Amino acid sequence: MVLAVEWVESPQPRIRLLDQTVLPAQETHLDITTVDGLVAAIQSLAVRGAPALGAAGALGVVVAMNQASRDGWDESRLQAEVDRIRLARPTAVNLAWGVDQVRGAMTQGADQVLILARGVVTDDEAANRELSRLGADWILERTGLERVRVVTHCNTGALATSAWGTAYGIIHELHDRDRLGLVYADETRPLLQGSRLTSWELTQDGIEHVVQVDGAAPSTILRGLVDVAIIGADRIVANGDTANKVGSVSLALACARAGIPFVVAAPSSTVDLATATGDDIDIEQRDPEEVVNFGGRRTAPEGAVGFNPAFDVTPHDLISAVVTERGVVEPANTPHPTLLARIAG
Ligand SMILES: CSC[C@H]1O[C@H](OP(=O)(O)O)[C@H](O)[C@@H]1O
């Protein structure tokens, strides 16, 4: 089983990350014993994906406490360093959520925080397996199909979570039930989470798929080549608006036009009832150079400036279903101010 994030005790207590910046060409690990190292890994997407960020955030508090002991930080410095982890990327609510799940136990010592952090990891895996079952049930019931052809965006598998996956978890569940047709995986520029990571996972799992350029996804949908779109989420807010990897909203618009379901899959830790609408979500603006370079080579002419929002927001009325381990709601059909409260964490 692929583990994106794990805690290792010996020879030195640390977070061990599968470095996602070099997959699939290399399978190498990063050993994280400092806050600087974790923040750099988060911001470089060596560790990425909303639930995986939640796990990294929770375990990161232990890293900060251990470093505080080594380096003689006072409480104020320790809390400031924990805040650096919490704020390392703004859009996925899970990073802050993961930190906040364990922060209150810091006064009880690092061992107690580690117990809670490990619980965050195991709870996430259980949540992802349950939501995968619920999502497959909903899709099969809604479509009535023997086999479901799927389009998905970015990466939502074990690499983005604590072990199983969210949207990818539903795909895996459909595969295990022998109810899955062809999977269209969007390459997901500019960092290629789809072609590098999702295709790697689908290949390892023996799931038939094709990798398509992001710009092909709407026509794939409108031409009737798929029966459902299934994506993950970085933040699902109170009215059902959902932030996810940039390019997601184009799939939602095409699904609405084509009359097929657009499904968002995420653990309840991704639901943020404290944020009212998608307009209030902080969308991460990444380095413009990621857009005008590729593979270490400049692709746009000198002087061209990239525009690089890492996420977009799908309005709730374009979302057929939000699937969490606590249940399924249908924002497009039943917009309701407390709709998401039924499936929030
Ligand atoms: C399991 S949800 C993962 C979610 O996170 C990804 O973003 P990033 O690769 O920048 O961390 C993408 O939005 C996925 O849907």
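Numbers here simply count residues along the sequence, with the first being 1. Treat the numbers as computed from the prediction; the structure is a model and nothing was measured. Atoms within a ligand are numbered from 1 in the order they appear, just like the ligands themselves.
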Touching ligand 1 at all, [X]? Heavy atoms, strictly under 4.0 Å?
X: G165; answer: no
X: I231; answer: no
X: A310; answer: no
X: N155; answer: yes
X: Y168; answer: no
X: R89; answer: yes

- Under 4.0 Å from ligand 1, counting heavy atoms only, is it the side chain of A233, its backbone, both or neither?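 The answer is the backbone of A233.
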
- For ligand 1, the portion of Q193 having any non-hydrogen atom under 4.0 Å away: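 Answer for Q193: side chain.
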
- Query: Have D186 and Q212 got a donor and an acceptor in their side chains that come within less than 3.5 Å?
  - Reply: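 Short answer, yes.
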
Pairing of [X] and [Y] as salt bridge, 4.0 angstrom limit:
X: K245; Y: D234; value: no
X: E289; Y: R298; value: yes
X: D83; Y: R103; value: yes
X: D227; Y: R147; value: no
X: R16; Y: E6; value: yes

- Task: Looking only at non-hydrogen atoms, find the nearest pair between L78 and A68 and report the distance.
- Result: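 Minimum heavy-atom contact is CD1-CB, 4.0 Å.
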
- Message: Which heavy atom of T198 sits nearest to which heavy atom of T156, and what is that distance?
- Response: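 Shortest heavy-atom separation between T198 and T156 comes out as OG1-N, 4.4 Å.
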
- Query: Hey, looking at atom 1 (C) of ligand 1, which of N94, N244, T166 has the closest heavy atom?
  - Reply: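 Nearest option to atom 1 (C) of ligand 1, by heavy atoms: T166.
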
Indicate yes or no: does an N/O atom of [X] lie under 3.5 Å from an N/O atom of ligand 1?
X: D234; result: yes
X: R48; result: yes
X: G49; result: yes
X: H153; result: no

- Message: Can you tell me which residue among D282, N94, D272 is in a side chain to side chain donor-acceptor pair (under 3.5 Å) with R235?
- Response: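 The passing option is D272.
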
Considering only heavy atoms of [X], which atoms of ligand 1 have at least one such atom less than 4.0 Å away?
X: T156; value: 1 (C), 15 (O)
X: A160; value: 1 (C), 3 (C)
X: A50; value: 3 (C), 5 (O)

- Over 12 foreign heavy atoms within 6.0 Å of CD, E9: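 It does: E9 CD has more than 12 such atoms within range.
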
- Given side chains that start at C-beta, do those of V183 and E208 come closer than 4.5 Å, heavy atoms only?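 SC-SC contact between V183 and E208 ruled out.
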
- Shortest protein heavy-atom distance from atom 12 (C) of ligand 1, along with the residue and atom involved: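 Going atom by atom, the protein heavy atom closest to atom 12 (C) of ligand 1 ends up being C154 SG, 3.4 Å.
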
